[in-house]
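Take a look at the structure below.
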Amino acid sequence: MFSKYLLLQLKRITKLLPGILALNLAVAALMAAIAYGLISNSAYQLDSQRYRLGLVGSTDQELLKLGIQGIQSMDQSKYMIELVDYRDEDRAKSAMRHGKISAYVVITPEFLDSIDSMKNDSKITYYATSGQKGISNVMMDEVASAVSHLVVYSEKGICSLREYMGQVSVNAIFMTYINSILARTNVATIESLGLSDGLSTPAYYIIGISLFFMLLISFCSISFFIGHDRARTLFFRAKGLAAWLQVLAEYLAFFAINLISLGLIIVLVILVIAFNSQGFSHITGMNPGEFIGLTLGQSSVITIMFKLAFGLLPVLAMMSALGFFVFEAIQGLINKILVAFMLFIGMSYVSGYFYPKAFFPARVQTIGECLPTGVAFSYLKNVALGDNSDLSLLWMMAYLLGFLLLATCIRRSKIR
């Protein structure tokens, strides 16, 4: 009886599949457009470049000019900071307000006189945008703080020794300080932490949007639950088919619909990347097979497709079980659509699909990580970074079984 019931559900797939695939293709195109917009927008491009810092005032003083030339040519800071000269402070303010520079500093005549006399009695003024700050402003604040410590302490040391030593010795000490500062990159290791959880900006958004799309795959297959009536359920129960067997057969058919839809999208994506791998690398800054440890030059497209599909399989199985439980629990087509859509949006947002989790309060982060959507994100993140994903996989399997158990309880209540 179970095999007959499963065959009946699979026959329903052949009737519903064309419409579901068309809807999934439309949603996939929309998700691809959103991903392209997030990854290639001007703000991301700006964060990928050097930070632009404005300089207002004269920079003709010998020592100051030496320091600026060191930043622009000799020091590793040349890869991080770009200095832009502004003779007029109003122009610097206008450039900062329009986002052309991250901040600017004003070099006053008093500061130049302080350098000439080797005194520490004048300061430069640093301006940044007020209110809510972006990553550029935060980084520039950190850079300004670090530079001010280096300059002030070096200047204090030189000025103190100047009282006891001759000019030649002072110049030697000055050059020692400069050499030590320029050589600081030899005693440190730079590690890129990425946008969130060690993921780069493209990888973060690709994972988040891919997971949200897998939620929408179940949402697009809602027509599978239209037309269910209590009489048919009671009929098969009278034939000896228990509630849990009915749920299992329907879930397998529902999962098959979602798997076919996801497989079609993966094939299309892999083909697009295969024909334009350079464009993909230019937009995202990644090799096409980075998520699965392969590149198109190392393996065939078919191998990459199967490898990627295998990695997404447990995520799709859990999310299909989540959708099956929601659609089984809610009665009425309108109610199913509203509740499922709001639930999927809320869980995705809290789990960091649209915005980095680090910006949320600690309690919200904890809740988001414990939700099924958060567990799925942790799993794919570990897969992308090559870390151990066994714990996340076990949690997803536990959620899958839990959703099917809850759906079985609801089906039993309907039969009674």
Gap separating the [atom1] atom of [X] from the [atom2] atom of [Y], nearest 0.5 angstrom:
{"X": "Phe224", "Y": "Tyr251", "atom1": "CZ", "atom2": "OH", "answer": "12.0 Å"}
{"X": "Phe325", "Y": "Ser320", "atom1": "CZ", "atom2": "OG", "answer": "15.0 Å"}
{"X": "Phe403", "Y": "Leu401", "atom1": "CZ", "atom2": "CG", "answer": "11.0 Å"}
{"X": "Met214", "Y": "Met318", "atom1": "CE", "atom2": "CE", "answer": "8.5 Å"}
{"X": "Leu380", "Y": "Leu312", "atom1": "CG", "atom2": "CG", "answer": "6.0 Å"}
{"X": "Leu400", "Y": "Met319", "atom1": "CG", "atom2": "CE", "answer": "12.0 Å"}

Under a 3.5 Å distance rule, please check whether [X] uses its side chain to pair with a backbone N or O of [Y] as donor and acceptor.
{"X": "Ser392", "Y": "Ser389", "value": "no"}
{"X": "Tyr353", "Y": "Thr373", "value": "yes"}
{"X": "Ser351", "Y": "Gly374", "value": "yes"}
{"X": "Ser94", "Y": "Asp90", "value": "no"}

Please check if any side-chain donor atom of Asn24 sits under 3.5 Å from a side-chain acceptor atom of Ser261, or the reverse.
-> yes

Could you report the tightest heavy-atom contact between [X] and [Y], atom names first, then the distance?
{"X": "Ala340", "Y": "Phe327", "answer": "CB-CE2, 3.5 Å"}
{"X": "Ile410", "Y": "Glu328", "answer": "CG2-O, 3.8 Å"}
{"X": "Arg412", "Y": "Ala243", "answer": "CG-CB, 3.5 Å"}
{"X": "Ala253", "Y": "Ile13", "answer": "O-CD1, 3.2 Å"}
{"X": "Ser221", "Y": "Asn258", "answer": "OG-OD1, 3.0 Å"}
{"X": "Tyr86", "Y": "Ala95", "answer": "OH-CB, 3.4 Å"}

Close side-chain approach of [X] and [Y], heavy atoms under 4.5 Å:
{"X": "Leu215", "Y": "Ser348", "value": "yes"}
{"X": "Gln9", "Y": "Arg12", "value": "yes"}
{"X": "Phe360", "Y": "Tyr349", "value": "yes"}
{"X": "Phe2", "Y": "Leu248", "value": "yes"}
{"X": "Pro372", "Y": "Met396", "value": "no"}
{"X": "Tyr104", "Y": "Ile101", "value": "yes"}
{"X": "Ile217", "Y": "Ile265", "value": "no"}
{"X": "Ser210", "Y": "Ile206", "value": "yes"}

Under 6.0 Å from the CZ atom of Phe341, do we count more than 12 heavy atoms belonging to anything else shown?
-> no

Hey, do the aromatic rings of [X] and [Y] have their centres closer than 6.0 Å?
{"X": "Phe225", "Y": "Phe254", "value": "yes"}
{"X": "Phe324", "Y": "Phe255", "value": "no"}
{"X": "Phe377", "Y": "Tyr204", "value": "yes"}

Walk me through it: do Leu313 and Leu259 pass the test side-chain contact (heavy atoms from CB on, under 4.5 Å)?
-> CA-CA 8 Å; Leu313 192 61; Leu259 185 60; 3.6 Å; yes

Verdict with supporting geometry, Val375 and Glu369, side-chain contact (heavy atoms from CB on, under 4.5 Å) | CA-CA 6 Å; Val375 174; Glu369 292 174 356; over 6 Å; no

Given the rule in the side-chain contact (heavy atoms from CB on, under 4.5 Å) test, do Asn388 and Asn382 qualify, once you have shown the distances and angles that lead to the verdict?
-> CA-CA 6 Å; Asn388 190 344; Asn382 292 333; over 6 Å; no

Before giving the answer on side-chain contact (heavy atoms from CB on, under 4.5 Å), spell out for Lys336 and Gln331 the whole-Å C-alpha distance, their side-chain angles and the decisive distance to 0.1 Å.
-> CA-CA 7 Å; Lys336 289 179 188 291; Gln331 301 298 319; 5.5 Å; no

